[in-house]
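Notes follow the structure.
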Amino acid sequence: MIVRTRFAPSPTGYMHVGNLRTALYAYLLARKHGGTFILRIEDTDQEREVAGAVDIIYSTLRQTGLLWDEGPDKGGPCGPYVQSERKPIYRQHADMLVDGGHAYYCFCDKERLDLMRKRQEAEGKQPKYDGHCRTLPRVEREKLIAAGKPWVIRQRIPDGGTTTFKDEVFGEITVENDTLDDNVLLKSDGLPTYNFANVVDDHLMGISHVIRGMEYLSSSPKYNLLYTAFGWDIPKYVHCPPVMRDAQRKLSKRDGDASYQDFIDKGYLNEAVMNYLALLGWSPGTDREKFTLAELAEVFDITGISKSPAIFDPVKLAWLNGEYLRALTPEEFTAKALPFIKQAVKREDVAFSTIAAVLHQRTEKLSDIPPQLDFIDTLPDYSPEMFIHKKSKTTFESSLASLKAAREALDTIPEGGWDHATLHAALMGLVEKLGVKNAIVLWPVRVALSGKEFTPGGGIEIAHIIGRNETLSRLERGISLLEGAIRKQ
RNA sequence: GACCCCUUCGUCUAGUGGUCAGGACGCUGGCCUCUCACGUCGGUAACGGGGGUUCGAAUCCCCCAGGGGUCGCCA
């Protein structure tokens with residue numbers, strides 16, 4: 001079987017991660033079977049046009065690696081791939097339906113429709129087109145058209161009976177035809193509704209698997225009726241459950257973290273986001289959790305898609321992102337971290353590579369970086385109490401001695417020799433010389449250099465990062481703080 | 001409200017009549033350690049409820065409850 005899948009977004013101006021996941025699945029299925037992945041723009045709602053929205057679709061798909069084989073910019077045998085450019089095709093197909101008795105012209109205006117719905121609601125019935133124009137004679141119809149009366153074309157749902165369709169994730173579903181509405185197929189502006197365009201285009205473009213959100217599940221019987229009316233083969237339907245914010249609400253753009261770009265801006269890696277999305281509502285059937293896009297394409301299978309909505313867990317995404325960050329080489333990590341480091345560090349005379357090194361194993365997302373670095377440019381005010389660390393048994397006195405010894409040892413290192421290895425040798429040598437535990441020396445040094453309880457990296461790294469002058473002056477500051485504290489005792 | 005769909009640890013999930021119900025995140029205890037993290041070893045926690053079918057049900061059937069979706073000249 002030739003697999004042809006499509007991603008058919010409407011240009012809304014941002015890429016919702018739920019949509020992106022649907023695109024991912026469509027892409028993976030195509031790649032898995034050596035098939036074709038198609039991009040189609042569904043811009044039939046002229047009122048919702050957003051400038052630049054199509055570019056966001058392009059750039060996001062490129063960034064994520066979901067490269068399409070046919071599309072508006074690439075062309076292909078089934079173009080055009082923009083629905084607003086396919087207008088004549090829909091008209092032609094709508095007429096075919098009308099000729100076959102599967103659709104009809106409707107001249108009802110908004111006022112009548114509103115009134116009708118209001119009445120039906122008042123009577124406690126479900127709003128549904130009342131079939132007013134269903135039986136309009138052909139001559140009457142021509143007369144109204146000639147008179148310039150606006151019209152739409154509606155689908156004629158068969159009276160009575162049932163329609164059954166099969167979904168690859170939900171199985172067989174049967175509904176009573178009477179619960180289905182005579183929906184508009186062709187709007188008065190001549191453009192098709194989604195209900196019509198998706199059927200015509202999916203068939204004309206040879207789509208084998210229609211992968212889309214679950215919100216279309218309940219309209220699928222109508223689409224089936226359309227395929228049948230045309231005498232077309234019915235594609236395989238794959239409806240994906242929604243991505244939720246919590247048990248009640250869908251993840252929405254209003255929450256500010258539903259768009260792909262939001263995650264990238266916060267310092268999540270593309271690879272981590274895509275990996276996480278793949279596993280949200282789909283399982284490979286094994287315990288494996290880390291996949292590249294290419295690896296996903298190998299193992300992807302429709303049967304792994306789950307039936308129930310999945311809650312998006314930012315905490316787990318962050319963990320996965322950390323995994324990806326940690327797997328980077330030091331050079332790669334430095335390149336990605338540098339812009340975030342510079343948000344917090346304005347000084348230029350610091351050891352950036354050491355900052356990155358010290359951050360590497362401590363960063364889940366890049367936006368976590370700046371707050372960790374707030375002590376580098378300027379030493380915060382801190383209390384001498386911080387020198388006392390119970391577990392390491394440091395005291396004011398021991399800390400004062402350590403700081404003085406450290407000052408003496410480091411003072412002998414020239415500016416040019418101020419590197420990590422030298423500092424390490426000097427401070428560890430001090431530990432050995434004094435015959436004490438590492439912490440007796442290193443705890444107070446780290447506190448004096450950072451003024452903080454927790455820091456990325458230890459005293460040696462921080463000394464290297466902030467440089468000789470700053471190190472010596474901060475040690476000085478620590479010494480006087482401690483002397484003051486001891487005097488007060 | 002009507003119609004359709006869904007329901008395993010807090011979360012993502014594995015599981016398709018016989019498992020101590022597995023993994024991951026989180027939380028938590030130990031180890032490592034100059035702090036925090038990383039790493040590592042352990043712990044915690046689930047089959048929505050009720051009826052059946054069966055020697056035996058998370059797995060099959062029915063009912064209920066809860067949740068979701070749809071009911072537009074939006075997609």
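The sequence lines fix the lettering, A, B, ..., with proteins before strands; numbering per chain opens at 1.
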What integer number of Å spans the [atom1] atoms of [N] and [M]?
N	M	atom1	result
B/C6	B/G43	C1'	33 Å
B/C3	B/A21	P	39 Å
B/C4	B/G39	C1'	50 Å
B/A65	B/G49	C1'	7 Å
B/A37	B/C27	P	10 Å
B/C31	B/U13	P	36 Å
B/A58	B/G1	C1'	33 Å
B/C9	B/U59	P	14 Å

*Hey, are A/Arg119 and A/Asp130 close enough for a salt bridge, meaning a charged N less than 4.0 Å from a carboxylate O?*
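Salt bridge flag = no for A/Asp130 with A/Arg119.
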
*nucleotides 68-75 of chain B: protein proximity per nucleotide (B base, S sugar-phosphate only, - neither; heavy atom, under 4.0 Å)*: SSSSSBBB

*Could you encode protein contacts along nucleotides 30-40 of chain B as a string, one character per nucleotide from 5' to 3', using B for base contact, S for sugar-phosphate-only contact and - for no contact, with a heavy-atom cut-off of under 4.0 Å?*
---BBBBBSS-

_Judged by each residue's nearest nucleotide on RNA chain B, which is more toward the 5′ side, A/Lys316 or A/Thr179?_
A/Thr179

In residues 424-434 of chain A, what donor-acceptor pairs under 3.5 Å come from side-chain atoms, sequence neighbours left out?
none

*Relative to each other, are the rings of A/Phe263 and A/Tyr268 parallel, tilted or perpendicular (30° and 60° limits)?*
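A/Phe263 and A/Tyr268: perpendicular rings.
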
_Using 30° and 60° as the class boundaries, would you call the ring planes of A/Tyr105 and A/Trp151 parallel, tilted or perpendicular?_
tilted

*Excluding sequence neighbours, so at least two apart, what forms salt bridge (Lys or Arg N to Asp or Glu O under 4.0 Å) with A/Glu364?*
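Applying salt bridge (Lys or Arg N to Asp or Glu O under 4.0 Å) to A/Glu364 gives none.
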
*Specify the separation, in whole Å, of atom CG of A/Leu251 and atom C1' of B/U11.*
14 Å

*Report the distance from atom NZ of A/Lys166 to atom C1' of B/C4, rounded to the nearest whole Å.*
18 Å

*Could I get the full list of ring-ring contact (aromatic ring centres under 6.0 Å, His included) partners for A/Phe340, not counting sequence neighbours?*
none

*Tell me yes or no: between the side chains of A/Asp202 and A/Tyr223, is some donor less than 3.5 Å from an acceptor?*
no

*Return yes if a side-chain donor-acceptor contact under 3.5 Å exists between A/Lys222 and A/Asn183, otherwise no.*
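There is such a pair (donor and acceptor under 3.5 Å, judged by atom type) between the side chains of A/Lys222 and A/Asn183.
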
*Give every residue pair that meets the ring pair (Phe, Tyr, Trp, His ring centres under 6.0 Å) criterion with at least one member in residues 159-181 of chain A, sequence neighbours excluded.*
A/Phe165-A/Tyr237

